[in-house]
Amino acid sequence: MINSKTIDSKIIVALDYADAKSALQLVEQLNPNLCKLKIGNELFTAAGPQLVEFIVDKGFKVFLDLKFHDIPNTVAKACMAASNLGVWMLNVHASGGIPMMQAAREAVDKTNHKPYLIAVTVLTSLDQVTFNQLGINSPIEAQVLNLAKLTQQAGLDGVVCSAMEAYIIRKQLGKDFYLVTPGIRLNHTSLVNHDDQSRVVTPQDALNNGASYLVMGRPITQALDPLKTLEAIFQEIA
Ligand code: C5P
């Protein structure tokens with residue numbers, strides 16, 4: 001067992017499971033010093049706010065990854081409800097625009113918990129071709145940087161981006177802006193098979209590029225021994 005009491009783990013395990021029972025099977029093996037936990041659309045839709053509160057009560061820092069994207073009033077209310085669950089971090093889509101992000105900021109600041117509020121830039125599953133099909137004719141990196149700047153201007157705490165873009169964002173937006181990076185794959189062999197992710201990076205390279213936290217789902221949850229895999233990554237980046 002890793003003794004990591006004073007360490008703020010950089011690893012956020014994505015609990016991408018179909019139901020509470022499957023998620024809790026993994027959660028019961030983990031401890032809050034080893035990782036934080038991310039609850040996204042699949043699990044939240046299946047298991048609801050009760051599961052979020054249950055996991056928060058176990059002492060885990062929870063990133064509620066519901067990627068809100070709607071009109072400002074609706075997003076603000078949703079963020080307030082999410083914040084009241086006691087989560088550590090939550091997010092919206094930066095492409096909702098500055099007024100939407102500002103409304104979210106104000107709503108979160110009115111709550112007791114005041115979780116970190118971050119914004120998704122460009123999904124890590126998008127490659128350049130798919131991105132251009134959306135009608136945006138810039139390189140992905142330029143759009144990520146553009147959205148990250150808008151996010152900072154709106155007063156949010158950071159962004160979700162690929163670790164490929166972390167270096168340039170860190171350089172331009174400073175050291176106090178959180179960069180949360182999914183699309184992490186374990187080594188150069190697994191970079192070949194990266195599921196539906198396109199812009200993938202290894203844990204160590206992501207941190208070297210300036211990532212604050214690494215979001216990891218399938219490389220851990222679908223490993224033969226998820227706990228051992230997580231502990232090995234924890235040690236590797238310690
Ligand atoms: O299994 P994998 O490590 O690819 O999981 C990545 C997690 O990060 C998923 O839960 C996915 O929803 C989330 N995510 C992402 N790209 C973003 C934002 C969140 O992959 N831009």
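All residue numbers refer to positions in the sequence shown, counting from 1. Whatever order the structure lists ligands and atoms in, that order sets their numbers, starting from 1.
- Residue T221 comes nearest to V13 through the heavy atom pair CG2-CG1, 4.4 Å, listed as atom of the first residue, atom of the second, then distance.
- In this structure, atom 17 (C) of ligand 1 lies nearest to the protein heavy atom P182 CG, 3.6 Å.
- By the 4.0 Å N-to-carboxylate-O rule, D157 lies too far from K114 to be salt-bridged with it.
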Test side chain to side chain donor-acceptor pair (under 3.5 Å) on D8 and Y213 and set out the steps.
CA-CA 10 Å; D8 171 33; Y213 294 105; 2.9 Å; yes
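- Looking from atom 16 (N) of ligand 1 to the surrounding protein, the closest heavy atom is T124 OG1, 2.8 Å.
- The single protein non-hydrogen atom nearest to atom 11 (C) of ligand 1 is K38 NZ, 4.0 Å, given as residue, atom name and distance.
- Grouping the Ile, Leu, Val, Met, Phe, Trp and Tyr side chains by contacts below 4.5 angstrom, directly or via other members, places V62 apart from M80.
- Protein heavy atom nearest atom 12 (O) of ligand 1, with residue, atom name and distance: K67 NZ, 3.6 Å.
- The shortest N or O to N or O distance between G217 and ligand 1 is below 3.5 Å.
- Proximity to R185 (heavy-atom distance under 4.0 Å) selects the following atoms of ligand 1: 1 (O), 2 (P), 3 (O), 4 (O).
- Closest approach of F60 to C35, counting heavy atoms only: CD2-O, 3.9 Å.
- Contact annotation: for D65 versus ligand 1, heavy atoms closer than 4.0 Å belong to the side chain alone.
- Short contacts between ligand 1 and V215, defined as distances under 4.0 Å to a heavy atom of the residue, involve ligand atoms 7 (C), 8 (O).
- Residue R218 approaches ligand 1 through these ligand atoms, each under 4.0 Å from one of its heavy atoms: 1 (O), 2 (P), 3 (O), 4 (O).
- Between D176 and R170 no salt bridge is recorded (no basic side-chain N to carboxylate O distance below 4.0 Å).
- Under a 4.0 Å criterion applied to the non-hydrogen atoms of A14, ligand 1 contributes the atoms 10 (O).
- Near P219, meaning under 4.0 Å from one of its heavy atoms, ligand 1 places the atoms 3 (O).
- Partner of H93 under the side chain to side chain contact (heavy atoms under 4.5 Å, CB included) criterion, out of V160, L123, L147, V75: L123 alone.
- The shortest N or O to N or O distance between D196 and ligand 1 is not under 3.5 Å.
- The side-chain heavy atoms of K36 and K10, taken from C-beta on, include no pair separated by under 4.5 Å.
- Residue Y17 comes nearest to S22 through the heavy atom pair CD2-CB, 3.8 Å, listed as atom of the first residue, atom of the second, then distance.
- Taking every non-hydrogen atom of V160 and a distance limit under 4.0 Å, the qualifying atoms of ligand 1 come out as 17 (C), 18 (C), 21 (N).
- The nearest protein atom to atom 9 (C) of ligand 1, hydrogens excluded, is given as D16 OD2, 3.3 Å; this is a heavy-atom distance.
- A salt bridge links E28 and K58; the closest N-O separation between the charged side-chain nitrogens and carboxylate oxygens is under 4.0 Å.
- What sits closest to atom 6 (C) of ligand 1 on the protein, heavy atoms only, is Q197 NE2, 3.6 Å.
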